[in-house]
2 protein chains.
Amino acid sequence: MSAENKNKALELNPNVSVDCVIFGFDFDQLHCLVIDSGLSKTTGRSRLAVPGDLIYDNETLDEAAKRVLKELTGIDNIYLEQVGAFGDPNRMGKESDKEWLKSLRAEPDARVITVAYFSLVKMNDFNPEASSFAESAGWAPIKEIDELAFDHSEILESALGQLKRKIKIQPIGFNLLPQKFTLSQLHKLYESILNKPLDKRNFRRKILNLQILTPLNEKQVGVPHKPSQLFEFNEENYQKLSSEGFDNFGF
Amino acid sequence: MSAENKNKALELNPNVSVDCVIFGFDFDQLHCLVIDSGLSKTTGRSRLAVPGDLIYDNETLDEAAKRVLKELTGIDNIYLEQVGAFGDPNRMGKESDKEWLKSLRAEPDARVITVAYFSLVKMNDFNPEASSFAESAGWAPIKEIDELAFDHSEILESALGQLKRKIKIQPIGFNLLPQKFTLSQLHKLYESILNKPLDKRNFRRKILNLQILTPLNEKQVGVPHKPSQLFEFNEENYQKLSSEGFDNFGF
DNA sequence: TTTGAAAGTGTGTTAATGACACACAGCTAA
DNA sequence: TTAGCTGTGTGTCATTAACACACTTTCAAA
């Protein structure tokens, strides 16, 4: 083992992986980035998963998550937040996952625990481009995702839960919306994440009270209805609230 | 490797450990359970850590945490909640940890990521008894803990943070207080955890509004001041609030 | 019987919340 | 030009929660 250690910078750790749940928003629904095994040709069934892979022995978990995301989707330079570790010994034991696993791993039977991360990105900024073992990569509406490979459904569920909790104590949207956006878009984002309707007027009141929005002297153009006021985030206050947190957004 | 796999039920996974941050309360301050390396005799410095060890390949992370806690301290049958994974490649790289590590591990240089758990227990119910490689185990007041071995200070910090967050959305105390307790004791518990004073009357009002306390027809006896009313938790409502959560306890 | 120590209790003020409905601007298509 | 559609934008009121604040009660011990 000590001989191996000399070289460990280059070695994949066979027992630990990272998985990345990337949320995106298209002004309508919340999406999640998934990769496809490309096995549907042979098996008739596609296997979807969130991007993830084994870590190297010389990188931190955070670094591994960033690297893996980049390798599999081309997405770079985003902030990832840890969700937690998932380590059921049978988490990769589904029959339907076996084939993919064999094609992926040098030791397909090794016991792997995974550390999940999540992030929020503007969907349009990131056109995921599959590479490495991902046959394809793309955005899937959360509501339409039914089964994912391995324990990725559980991981997605957990990440979503964390996002719902986070939304109550920190501002969000900065990473999901374009620089200029309307209150309706932000409103819809909150509704998509919490998956329930929120009263429009109360929403506006509360979000404006947070003092994180700067109204612009600009309106939407080209919409088939009254154009709405555009806002941008007040970066200073947004950061302040992000780091301090607030007690309760209260929905 | 496939030969090894046959036997993996019996094998420690060299790359993954669990660590348990156990909080206890003595009606005065918040404590944390720590074990001692017993190396102070030889090195002159004691090394304190929270109980933790490598996992077996056939157990879940949750099971591993329970097992390890039991092996090192005798504490059994408590609910542990995951805090997260810690995986800096140098997390066990301190010079001062080397000696202990060598005595502990078959592969002291292996890269280990750890999954941290935390729990709350009644201090008096658990007189930790050191065993396995723990030379001694005992309760240390949080405030007096300065340096722990490995990255355990960071882990403790993180667990404490999670506890502070949890306290706002779920009732706590059931696992930290005896069956019958006073509001002052509960009050002090909250102050200890949040590490700041809370207004007595507002605290009483809020906690009573939660409907999780049943007043008893009993008072303290033998105290040199007005004896206070005893309460117990209303288990049904407590469980209900535990699982549903509330939006904000608001301190 | 006095003293010290903590328990216990009530009120007024202010801020936040949730429920609720309608008029208007701008576009499109007839 | 007009009618119709779609989404924008706005205010009030009743209820509830948050907060700040001070005095009296009870007991044990000296």
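Owing to the predicted nature of the structure, the values given are computational and were not obtained by experimental measurement. Lettering follows sequence order; numbering is per chain, from 1.
For the pair B:Asp28 CG and C:dA6 C1', the computed distance is 15 Å after rounding to whole Å. Per the geometry, CZ belonging to A:Arg201 stands 17 Å off P belonging to D:dG7, to the nearest Å. Across the protein-nucleic acid pair, B:His225 atom NE2 and D:dA28 atom P stand 10 Å apart, rounded to whole Å. Put simply, NZ on A:Lys200 is 11 Å from C1' on C:dC22, counting in whole angstrom units. Atom CG of A:Asn202 is separated from atom P of D:dT15 by 16 Å (rounded to the nearest Å). The CZ atom of A:Phe203 sits 17 Å away from the P atom of C:dA16 (whole-angstrom rounding). Protein atom NZ of B:Lys226 is 10 Å distant from nucleotide atom P of C:dA7, rounded to whole Å.
Along DNA chain D, the nucleotide closest to A:Phe231 and the one closest to B:Gly222 are compared, and the more 5′ of them pairs with A:Phe231.
Note on ring orientation: taking the six-membered ring where Trp is involved, the planes of A:Trp139 and A:His31 are perpendicular (angle over 60°, cut-offs 30° and 60°).
For NZ of A:Lys164, the number of neighbouring non-hydrogen atoms (other residues, nucleotides, ligands) closer than 6.0 Å is greater than 12.
In this model, a donor atom of one side chain and an acceptor atom of the other lie less than 3.5 Å apart for A:Ser228 and A:Gln220.
The phosphate of D:dC19 (OP1 or OP2) has a side-chain N or O of B:Lys206 nearer than 4.0 angstrom.
In this structure, the side chains of A:Phe25 and A:Leu120 stay at 4.5 Å or more apart for every pair of heavy atoms.
Between the side chain of B:Arg204 and the base of C:dA7, no donor-acceptor pair under 3.5 Å is found. No hydrogens or angles were tested; on distance alone, nothing pairs the side chain of B:Arg205 with the base of D:dA17 as donor and acceptor under 3.5 Å.
Nucleic acid contact class of A:Ser184 (heavy atoms, under 4.0 Å, all strands): sugar-phosphate only. Using a 4.0 Å heavy-atom distance criterion, B:Gln220 is classed as making no nucleic acid contact. Contacts of A:Pro224 with the nucleic acid, taken as non-hydrogen atoms under 4.0 Å apart, include base atoms.
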_Would B:Ile75 and B:Leu69 count as a side-chain contact (heavy atoms from CB on, under 4.5 Å) here? Give the steps._
CA-CA 6 Å; B:Ile75 293 181; B:Leu69 184 62; 3.9 Å; yes
